[in-house]
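Structure first, then comments.
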Number of protein chains: 2
Amino acid sequence: MDDQSDAGRAEPSRRDLAAMLAPLAQAFATAELPILRAHNLTMWAYVVLITLADNPIRSQARLAAATGADKTRIIPILDDLQARGLIDRYPDPADRRVHLLALTDEGLRLCRAAQAQIQRHEEEVLARIDPADRAGLLRALAALSALPAEEITGDHESPPTP
Amino acid sequence: MDDQSDAGRAEPSRRDLAAMLAPLAQAFATAELPILRAHNLTMWAYVVLITLADNPIRSQARLAAATGADKTRIIPILDDLQARGLIDRYPDPADRRVHLLALTDEGLRLCRAAQAQIQRHEEEVLARIDPADRAGLLRALAALSALPAEEITGDHESPPTP
DNA sequence: TATTGTTATACTCTATAACTATA
DNA sequence: TATAGTTATAGAGTATAACAATA
């Protein structure tokens with residue numbers, strides 16, 4: 001408990017994780033933009049395509065949950081992707097309220113092509129850090145990403161204020 | 001060059017870095033919120049205090065650049081912090097346009113106390129991953145954070161569109 | 001003329017609420 | 001009655017533009 005007593009002024013040995021992660025996420029996202037532009041994709045369109053490519057997703061509601069986006073936000077994106085022939089959207093025969101989503105061949109090809117170029121650039125950046133640290137970074141990121149978000153946030157989210 | 005030819009459909013061995021980093025940054029930032037609330041700090045107020053604590057910053061313009069925020073955005077935050085006695089703000093005698101900024105004793109104590117609690121929570125989360133990977137993660141994040149942002153973004157930022 | 005800080009305004013992004021159709 | 005998708009509206013957050021003081 002004595003780390004409590006001197007916690008008031010002591011300098012920490014590292015910066016906060018969010019303070020390091022957020023600018024890096026921003027920088028890598030910025031690095032994606034010219035590549036996505038070259039493939040005529042917005043960031044959200046790319047997120048949707050990759051999510052559909054990596055997971056078998058049925059409805060728009062599930063896609064919204066998987067991407068963390070609001071369900072109303074992905075609608076114009078889906079409209080555009082469908083008009084360009086990158087996804088198929090058709091009513092579920094079992095429940096005609098639901099719209100089933102699927103990548104077309106060209107949708108899969110396009111997002112994988114963009115992703116390959118993005119990750120090639122990322123590897124160039126990662127090549128600048130120590131190989132052992134780089135491997136640890138990738139394993140740690142995968143492990144942290146696999147945790148349920150509440151294990152990180154502590155879900156002290158909305159304490160009911162009565 | 002043959003990785004070009006099959007890049008169209010091949011599944012990558014990992015997700016994009018931004019796709020992993022952004023949700024983690026979000027989750028760790030969310031974890032900070034209840035702690036900051038307990039110290040009566042907003043996220044931006046905390047960012048300002050930590051930035052002043054970690055770097056010797058003179059003017060508001062330099063603070064804005066260091067935090068990545070627009071100069072107009074930090075003004076109401078500085079007003080509040082000054083009113084609460086957490087920072088001092090006074091004109092530079094050498095150039096009376098410039099407002100010099102400095103943490104007060106209480107400002108330093110408050111942000112270090114919040115930071116200690118934040119990092120204690122972070123360590124609990126980090127304890128869940130392999131110690132070697134955890135060490136590699138922290139070294140890799142420090143190394144990547146030390147890079148100029150343009151080394152990650154590739155500064156293909158604003159191609160002049162004449 | 002150029003720069004620091006400030007204020008007021010406009011814009012972008014995102015979520016909320018209201019509606020249709022299916023169940 | 002409840003849910004999936006859609007549309008229209010309102011709100012939060014952010015940047016842009018105009019201004020005063022100083023150099």
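Protein chains get the first letters and strands the later ones, always in sequence-line order, with residue 1 at the start of each. Values below: every heavy atom of this structure, side chains too, minus hydrogens, waters and symmetry copies.
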Nearest whole angstrom, please: distance from the P of C:dT14 to the CD of B:Gln26. 11 Å
Would you tell me if any nitrogen or oxygen in the side chain of A:Trp44 comes within less than 4.0 Å of OP1 or OP2 on C:dT14? yes
Taking the basic N atoms (NZ, or NE/NH1/NH2) and the acidic carboxylate oxygens, is any pair closer than 4.0 Å for A:Arg112 and B:Asp16? no
Using a heavy-atom cut-off of under 4.0 Å over every strand shown, decide if A:Arg62 touches base, sugar-phosphate, or nothing. nothing
Would a hydrophobic clustering, with Ile, Leu, Val, Met, Phe, Trp and Tyr connected at side-chain separations under 4.5 Å, put B:Leu33 with B:Leu24? no
Choosing from D:dG5, C:dT6, D:dA23, which nucleotide comes nearest the side chain of A:Ile75? D:dG5
Strictly below 4.0 Å: does B:Arg73 bring a side-chain N or O up to OP1 or OP2 of D:dG13? no
Rounded to the Å, how far apart are B:Ile74 CD1 and C:dT6 C1'? 12 Å
Ignoring hydrogens and angles, answer whether the base of C:dT3 and the side-chain atoms of B:Arg97 contain a donor-acceptor pair closer than 3.5 Å. yes
By nearest nucleotide on DNA chain C, pick out whichever of B:Val98 and A:Gly68 is the more 5' one. B:Val98
Length of the OH-P vector between B:Tyr90 and C:dT4, whole Å: 18 Å
Please work out if B:Arg89 contacts a base, only the sugar-phosphate, or nothing of the nucleic acid, heavy-atom cut-off 4.0 Å. sugar-phosphate
Side chain of B:Glu106, backbone of B:Gly85: donor and acceptor closer than 3.5 Å? no
Which whole-number value in Å describes the distance from A:Ile77 CD1 to C:dC13 P? 11 Å
Starting at CG of A:Asp70 and ending at P of D:dG11, how long is that distance when rounded to a whole Å? 17 Å
Under 3.5 Å, is there a donor-acceptor pair between the side chain of A:Gln119 and the main chain of B:Arg14? yes
With the side chain defined as heavy atoms from C-beta on, A:Ser59 is closest, among C:dG5, D:dA4, D:dT7, to D:dA4
Protein-nucleotide distance (B:Arg96, atom CZ; D:dT22, atom C1'), rounded to Å: 8 Å
How many Å lie between CG on B:Leu63 and P on C:dT4, as a whole number? 14 Å
Distance-only polar pair, side chains of B:Gln117 and B:Arg120, donor-acceptor under 3.5 Å: no
Interatomic distance where CG belongs to B:Asp80 and C1' belongs to C:dT6 [whole Å]: 17 Å
5'-most contact on DNA chain C: A:Lys71 or B:Leu100, nearest heavy atom basis? B:Leu100
